[in-house]
Amino acid sequence: MPHYKLTYFNLRGRGEIIRYLFAYSNIKYEDHRIERADWPRIKPTIPFGKLPILEVDGVILHQSLAIARYLAKEIGLAGQTPLDQALVDAIVDTIDDFMSMFPWTEENEDVKQQKFNDLLTNTAPELLRDVDSFLGNKKWLVGKSVTWADFYWDVCSTTLLFLKPGLVDNYPKLLALKERVQALPAIAAWTEQRPKTTL
Ligand code: KDV
């Protein structure tokens, strides 16, 4: 088993999908959480200047979704066929495109509030409608077993629901999927013991 070291901020954010995959597979890793104050010093020492990174026996991987996809393949959560894998990737990218629209680091609080509010009020409903219809009456988003797309829905919807409680109320099937992910014993154990952060 390689030595794994995840470096990210003390947030769920873009690190949490990776932590879910480690938790689910019971793979040990270093969950290194840096302070915001230390980031300017660390940033120039990282190949692409962005977090998270995952060090795998000293090889530095960047891009949260590339890291998550690598782990998902290792543990059998990437999708059971190449076609299923493409569907998983497409759903993950669709959810991620939306999460990436939020101006997370905007310093003008008024501008930030207005943009967050607009995305949650006017843009989120289309995404939810489309993911809900993709899910339909299936148990999992893709194929006959859980994949990291289901994990990503849980991770991202947790943050969306923190930002706007009730956002998913009109989509009971999406809420039920979230509960199915959270009921997985390894995921339940992780969400219970993880550091509590708002984002
Ligand atoms: C911050 C932050 C995120 C979730 C998805 C980017 C994110 C950035 N700061 C928090 N949550 C993508």
Side-chain angles (χ1 to χ4, degrees), residues 6-24 29 31-44 46-54 61-72 77 88-128 130-132 134 141 147-168 171 174-175 177-178 181-182 187 190-191 194-199:
L6 175 66
T7 302
Y8 190 56
F9 303 101
N10 184 27
L11 299 172
R12 297 186 312 279
R14 293 193 170 284
E16 195 65 12
I17 182 63
I18 298 164
R19 300 188 187 110
Y20 266 44
L21 289 158
F22 280 128
Y24 185 80
Y29 71 109
D31 187 14
H32 184 225
R33 293 168 184 244
I34 68 159
E35 300 290 336
R36 285 271 176 206
D38 294 330
W39 175 230
R41 183 179 54 74
I42 295 167
K43 186 175 172 71
I46 290 175
F48 290 87
K50 295 208 169 128
L51 296 179
I53 55 168
L54 181 70
L61 292 178
H62 70 116
Q63 283 287 350
S64 62
L65 299 183
I67 295 165
R69 190 175 297 110
Y70 155 71
L71 292 172
L77 288 187
V88 166
D89 289 350
I91 288 290
V92 166
D93 283 350
T94 295
I95 297 171
D96 194 69
D97 280 354
F98 178 64
M99 298 307 288
S100 297
M101 293 170 81
F102 288 82
W104 298 103
T105 56
E106 171 62 56
E107 289 184 10
N108 181 322
E109 276 304 319
D110 289 344
V111 169
K112 184 172 177 176
Q113 276 309 315
Q114 198 185 321
K115 187 68 186 158
F116 269 61
N117 188 48
D118 177 53
L119 286 164
L120 291 162
T121 306
N122 300 319
T123 311
E126 292 168 40
L127 172 78
L128 297 176
D130 293 349
V131 177
D132 183 68
F134 183 90
L141 282 163
T147 67
W148 69 291
D150 303 301
F151 288 5
Y152 208 52
W153 162 248
D154 181 42
V155 165
C156 293
S157 61
T158 295
T159 289
L160 295 175
L161 284 165
F162 164 73
L163 295 170
K164 191 172 169 72
L167 182 70
V168 192
Y171 297 98
L174 289 179
L175 285 172
L177 174 61
K178 183 173 185 57
V181 172
Q182 290 185 348
I187 298 300
W190 167 246
T191 59
R194 72 186 170 191
K196 301 294 176 256
T197 60
T198 56
L199 293 179

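Every number for a ligand or one of its atoms is a count from 1 in the order of the listing.
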Just jot down the ligand 1 atoms closer than 4.0 angstrom to any heavy atom of Arg36, in number order.
9 (N)

Run the contact test for Thr159 against ligand 1 with a 4.0 Å cut-off on heavy atoms, strictly below, and give the result.
no

Steps toward side chain to side chain donor-acceptor pair (under 3.5 Å) verdict (Arg12, Thr158):
CA-CA 10 Å; Arg12 297 186 312 279; Thr158 295; 5.6 Å; no

Proximal atoms of ligand 1 relative to Leu11 (non-hydrogen, under 4.0 Å)
1 (C), 9 (N)

Thr105, portion touching ligand 1 at heavy-atom distance under 4.0 Å
neither

Tell me the protein heavy atom at minimum distance from atom 11 (N) of ligand 1, and give that distance in Å.
Gly13 CA, 3.3 Å

Give me the one residue out of Trp148, Tyr29, Tyr70 that meets ring-ring contact (aromatic ring centres under 6.0 Å, His included) with Phe22.
Tyr29

For atom 6 (C) of ligand 1, the protein heavy atom that lies nearest, with its residue and separation
Trp104 NE1, 3.4 Å

Give the residue, atom name and distance (to 0.1 Å) of the protein heavy atom nearest atom 5 (C) of ligand 1.
Met99 CB, 3.7 Å

Within-4.5 Å side-chain heavy-atom neighbours: Phe48 and Ile53:
no

What heavy-atom pair brings Leu141 and Val131 nearest, and what distance separates the two atoms?
CD2-CG1, 4.1 Å

So Tyr8 and Ile34, do their side chains get closer than 4.5 Å, heavy atoms only?
no

Run the side chain to side chain contact (heavy atoms under 4.5 Å, CB included) test against Ser100 and tell me which residues pass, sequence neighbours left out.
Arg14, Asp96

